[in-house]
Amino acid sequence: MSRKRTENDSESGPATSHVPVDRFGFLKQEHGNSPERFSKTRTTSSTDHDREERKVRKWRKMIGVGGSDWKHYVRRKPNVVKRRIRKGIPDCLRGLVWQLISGSRDLLLMNPGVYEQLVIYETSASELDIIRDISRTFPSHVFFQKRHGPGQRSLYNILKAYSVYDRDVGYVQGMGFIAGLLLLYMSEEDAFWLLVALLKGAVHAPMEGLYHAGLPLVQQYLFQLESLVKELIPKLGEHFTQEMINPSMYASQWFITVFSYSFPFPLALRIWDVFLSEGVKIVFKVGLALLKYCQDELVKLPFEKLIHALKNFPDDAMNPDTLLPLAYSIKVSKRLEELKLDYEKTNAKPVQP
């Protein structure tokens with residue numbers, strides 16, 4: 001099920017064959033923006049191993065063979081499922097579970113042969129743009145490093161196919177990180193249908209507005225986030241106002257790539273577990289939790305240092321076991337709905353006479 005590349009993978013190519021990689025397939029870097037740079041490096045004890053084995057067994061029982069028991073279990077014990085997803089889906093089962101909770105497995109089964117048709121027989125106006133951007137997607141992951149290698153080819157196929165499938169959206173650069181993340185856990189065709197499920201709204205609100213001309217959904221989300229910061233973290237909200245900081249300066253990528261662009265990979269995966277299950281509100285919760293956790297330092301900083309800090313959060317803030325419980329404690333659902341209505345009223349287009 002998983003397409004992840006590890007240090008034992010022979011497809012990584014000669015350029016990376018002698019370079020150490022982390023457990024997710026990213027090149028290990030002593031410095032710089034390594035996606036796993038904040039995760040703890042420690043020896044896994046037998047107790048940890050046993051605990052993980054028990055967790056995997058629970059999940060396998062919950063899913064059933066190939067996902068056959070999933071829907072029945074979710075109907076019977078929704079709170080158990082929610083709690084287990086928030087604790088983190090076992091990595092060996094992520095690809096399958098993501099397809100089950102996103103609704104993409106159903107889309108795949110209802111559309112046999114469609115992906116192959118889009119890849120092989122259709123042309124897209126975005127092909128050159130996609131080719132230009134491919135090497136910028138997870139450049140430190142061995143699966144995507146080799147020029148024209150299997151990772152880059154698969155990523156190109158998915159993005160090209162989607163740009164044909166939905167010509168109104170076409171292709172926008174941020175989509176590459178979402179497709180790339182999915183490709184590390186499933187086949188090309190599975191990743192394509194999960195991208196469709198997200199953008200078209202198979203389970204939650206459609207994401208396609210993030211990528212339409214003018215990024216209308218991004219604008220709405222930034223409006224909602226700015227209001228929530230002022231309401232829930234007033235001291236920081238006031239400092240942002242004084243320094244003329246608005247969410248478009250630091251949070252656009254949070255929404256466009258759902259934290260897959262620059263966040264530590266272990267944290268991004270945990271967020272994606274919940275995002276696919278509960279929807280976009282987890283992006284707001286995590287963003288607010290980060291700002292809340294770091295506010296004592298942030299309120300001391302002038303504009304330029306503040307911009308830098310908002311794009312380079314400290315290691316301790318990026319620890320999933322610290323950040324996510326704080327995020328889960330922040331209640332935003334009702335207020336997000338109210339702010340959405342406020343935004344729509346404020347930005348309603350006048351009717352043409």
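Counting from 1, the numbers follow the sequence of the chain as shown. Here the structure is a predicted model, which means the values were calculated and not measured.
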Fill in: Backbone of S102 reached by a side-chain donor or acceptor of H204 within 3.5 Å
no
Item to complete: Please confirm whether the backbone N or O of P150 pairs with a side-chain atom of S154, one donor and one acceptor, at under 3.5 Å?
Response: yes
Worksheet item: Would you say the side-chain atoms of W98 and D190 include a donor-acceptor pair closer than 3.5 Å?
Response: no
Worksheet item: Looking at the rings of Y171 and Y162, which for Trp means the six-membered one, are their centres under 6.0 Å apart?
Response: no
Item to complete: Would you confirm whether K55, through its side chain, and G88, through its main-chain N or O, come within 3.5 Å as a donor-acceptor pair?
Response: yes
Item to complete: Could you tell me whether K200 and D166 have a side-chain N and a carboxylate O separated by less than 4.0 Å?
Response: yes
Worksheet, complete the sentence: Apart from L326 itself, its cluster of hydrophobic side chains linked below 4.5 Å comprises Y293
Worksheet item: So is R76 actually on top of Y73's ring, under 6.0 Å and inside 45° of the axis?
Response: yes
Worksheet item: Is it true that E238 and K235 have a side-chain N and a carboxylate O under 4.0 angstrom from each other?
Response: no
Worksheet item: Between E278 and R86, is the closest basic N to carboxylate O distance under 4.0 Å?
Response: yes
Worksheet item: What about W193 and Y115, are their ring centers closer than 6.0 Å?
Response: no
Discussion item. Quick one, D106 with K71, criterion salt bridge (charged side-chain N to carboxylate O under 4.0 Å, His left out). Give me CA distance, side-chain angles, the key distance, then yes/no.
Written reply: CA-CA 12 Å; D106 294 335; K71 289 181 181 178; 3.1 Å; yes
Discussion item. Keeping Q220 on the side-chain end and P216 on the backbone end, is there a donor-acceptor pair under 3.5 Å?
Written reply: no
Worksheet item: How would you list, by chain and number, every residue that makes a side chain to side chain donor-acceptor pair (under 3.5 Å) with D342, sequence neighbours excluded?
Response: none
Fill in: Non-hydrogen side-chain atoms of L310 and L298 separated by less than 4.5 Å
yes
Worksheet entry | Flag, side chain of E243 to backbone of L306, donor-acceptor distance under 3.5 Å | no
Discussion item. Hydrophobic clusters here meaning ILVMFWY residues chained together by side-chain heavy-atom distances under 4.5 Å, can you tell me if V164 and I120 are in one?
Written reply: yes
Item to complete: Classify the side-chain pair S163/S124 by whether it contains a donor and acceptor separated by less than 3.5 Å.
Response: yes
